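Contents: one structure, followed by commentary.
What you are looking at is a predicted structure, and each value in this text was computed from that prediction instead of being measured. Just so it is clear: chains get the letters A, B, ... in the order the sequence lines come, proteins before strands, and each one is counted from 1.
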Number of protein chains: 2
Amino acid sequence: MQPLQPEPSSPESPDGPREPAPKQRVQDEIRRDIIFGTLPPGTRVTEAALAAKYGISRVPVREALRTLEAEGFVESKPYAGSTVSKIPVDDADDLFFVREALEAATARRAAKRAAAQFAAGAPSAEWWKARRVLAAVLDDGDRVIAQDRLDLLPELNIRFHLGVADLSGSASLTALLRQISGKIEWLYATDVNTRGKQSWREHRSIMAAIDAGNAAEAEALMASHVHQSREGYLDRFSAATE
Amino acid sequence: MQPLQPEPSSPESPDGPREPAPKQRVQDEIRRDIIFGTLPPGTRVTEAALAAKYGISRVPVREALRTLEAEGFVESKPYAGSTVSKIPVDDADDLFFVREALEAATARRAAKRAAAQFAAGAPSAEWWKARRVLAAVLDDGDRVIAQDRLDLLPELNIRFHLGVADLSGSASLTALLRQISGKIEWLYATDVNTRGKQSWREHRSIMAAIDAGNAAEAEALMASHVHQSREGYLDRFSAATE
DNA sequence: GTACAAGTGATTGTATTCAATCTCACATCG
DNA sequence: CGATGTGAGATTGAATACAATCACTTGTAC
């Protein structure tokens, strides 16, 4: 029914359904609600309420909140509760700046690793898995665009960029990108990113450069991709404030 | 006895001792142990052992582990436990690259904010507090160097850079820097950073540029500072491998 | 009427307990 | 001899119960 499956990897895991742990599920759900506007900044989130909402106890909720706090999406004060952080709109300039550096490094490393994997014979199972996820995301994006469901693009966008990070094999960069990437989408909040369609097409060329193991081109394409995304945001933002 | 106090803010808080929550303390302790080599990469960390070591129950330990996992210092698999992540030595190049962008943005923003705070009359209490912490860190560093306790510099180094991030007022950048900064020091592991003394002196000029509200100079000085740190690392690393 | 203080309710922090899952050694079979 | 299945032990995941702290209300004194 939904053009976007929450778990696209389900049919190909041979050992069992292996549904994600409740904590992980709740954590992703809350983060998603924050990024896409269901939980507006400043909202007070109490552990009991979240626990009741998701039908679990407070302990896993607390752990999810600690992770989200480390990622910067909620703020907690001892004994005083947690609130959704304010959208870092003042940091937009810096966030895009850092993102450009981060994503460029990620793309370069992904291309290098792809070349290395093929040079060493057959790529590892881990690598293929990440590559397949990326292929599915790209296809989902095309389908979503064909159906004119642009509202679904932001989430796919995050998944593409995180997918590239996975392909880079660098846990450090992936962890950092997860936060930056989420925050950038957060900036757009409920708004629809008008550059969405065009932006999505660029993903294919980035993917091609990575697959070709062309590190320099992958880095340059990604840097340009992010840079244009930044310009688009700043244009809309300054237009809205004047 | 120790030239470096764990909590230098204690004597000046008027409302009470307010010692940090056990969870926070344990979390910082574990992270510190990881960064400075007491807990080597690959070490298996069980919740029960940590709980016993710090005299608390497993729940706060679990929350600390979730935070450290989000920060990339430990890796956890469901029902299979947590291990200390491997030192991201392969990512060194990318980490320094990203750090340079991140720290430059932070320094620039800190200088801008300092200028804004003074322009608007008196700086906020929050700003003064961050500034005082930074002053104490700088003095501690000088003292440590005078006593030739270079082994204490890495921790002060982290605290200086995090202090600048605090001064920038950007929660997003601070959260990112906390991870990068820790990982960079982690690269040096138990090794002593030979550039330590010289590097520390540069902190004073960065601080001066921030206080003066000179955003361009603060950014340039910080970029150069980080860049040289990177060169120093790569030199030592390549020298060690050849 | 206002300021201050104590009390009360709500919320988070922690401990304890039980259930679910994984790891690893050992035995069995080809 | 090697591969595979099974079981016990260990470890994490989650639920419940209780303690500590905070925020807000309410009452009282001035």
Side-chain angles (χ1 to χ4, degrees), chain A residues 7 9-10 13-31 34 39 42-85 125-126, chain B residues 7 9-10 13-31 34 39 42-85 125-126:
Chain A
E7 290 140 61
S9 57
S10 185
S13 64
D15 47 352
R18 192 194 183 91
E19 52 188 69
K23 184 203 69 185
Q24 187 66 36
R25 187 180 61 83
V26 167
Q27 181 178 303
D28 293 342
E29 189 77 21
I30 298 175
R31 181 175 24 229
I34 292 176
L39 287 174
T43 304
R44 202 173 143 74
V45 283
T46 68
E47 300 171 0
L50 291 173
K53 177 177 177 185
Y54 294 105
I56 58 179
S57 97
R58 273 179 50 216
V59 174
V61 170
R62 285 178 61 79
E63 294 188 28
L65 284 178
R66 289 299 84 78
T67 299
L68 293 172
E69 184 184 9
E71 293 176 350
F73 289 109
V74 305
E75 294 170 4
S76 303
K77 283 198 299 183
Y79 294 102
S82 307
T83 58
V84 176
S85 303
E126 183 199 3
Chain B
E7 289 141 60
S9 58
S10 184
S13 64
D15 49 349
R18 193 195 183 91
E19 52 188 70
K23 182 202 71 187
Q24 186 66 37
R25 187 179 61 84
V26 168
Q27 180 177 303
D28 293 342
E29 190 76 20
I30 298 175
R31 179 173 30 227
I34 293 176
L39 288 175
T43 304
R44 183 117 189 276
V45 282
T46 68
E47 300 172 358
L50 290 174
K53 177 177 179 186
Y54 294 104
I56 57 179
S57 100
R58 273 180 50 217
V59 175
V61 170
R62 285 178 62 79
E63 294 188 27
L65 285 177
R66 290 298 85 74
T67 299
L68 292 172
E69 183 184 12
E71 293 176 351
F73 290 108
V74 306
E75 293 170 5
S76 303
K77 282 198 299 184
Y79 293 101
S82 307
T83 57
V84 176
S85 304
E126 183 200 1

Item checked: Spacing of Ile34(A) atom CD1 and Glu29(A) atom CD [to the nearest 0.5 Å] -> 11.5 Å
Notebook entry, point to check: In Å and rounded to the nearest 0.5 Å, what is the CD to CZ distance from Glu69(B) to Arg66(B)?
Noted result: 5.0 Å
Note to self: For Val84(B), is there any backbone N or O sitting under 3.5 Å from a side-chain donor or acceptor partner on Thr43(B)?
What the structure shows: no
Notebook entry, point to check: What is the distance from OH of Tyr54(B) to P of dA15(C), rounded to the nearest Å?
Noted result: 15 Å
Check: Of the residues in residues 43-53 of chain B, which ones touch DNA chain C at a heavy-atom distance under 4.0 Å?
Finding: none
Item checked: Integer-rounded Å distance: dT11(C) C1' and Lys77(A) NZ -> 14 Å
Note to self: Rounded to the nearest 0.5 Å, what separates atom CG in Leu39(B) from atom OG1 in Thr83(B)?
What the structure shows: 11.5 Å
Under 3.5 Å, N/O pairs linking protein and nucleotides 15-21 of chain D:
{"unit_1": "dA15(D)", "atom_1": "OP2", "unit_2": "Ser57(A)", "atom_2": "N", "d": "2.6"}
{"unit_1": "dA15(D)", "atom_1": "OP2", "unit_2": "Ser57(A)", "atom_2": "OG", "d": "3.1"}

Notebook entry, point to check: How long is the span from the CD atom in Glu71(B) to the OG1 atom in Thr67(A), to the nearest 0.5 Å?
Noted result: 10.0 Å
Checklist line | Rounded distance [0.5 Å steps], CD1 in Ile30(A) versus CG in Leu68(A) | finding: 6.0 Å
Item checked: Value in whole Å for how far the C1' atom of dA15(C) lies from CZ of Arg62(A) -> 12 Å
Checklist line | Distance in Å, Arg44(A) CZ paired with Ser82(A) OG, rounded so as to fall on 0.5 Å steps | finding: 8.0 Å
Next item on the list: Sequence neighbours left out, what passes side-chain contact (heavy atoms from CB on, under 4.5 Å) with Arg58(A)? Give chain and number order.
Entry: Glu47(A), Ala51(A), Arg62(A)
Next item on the list: Report the distance from atom CD of Gln24(A) to atom C1' of dA14(D), rounded to the nearest whole Å.
Entry: 15 Å
Notebook entry, point to check: Given atom CG of Leu65(B) and atom P of dA14(D), what is their separation to the nearest angstrom?
Noted result: 14 Å
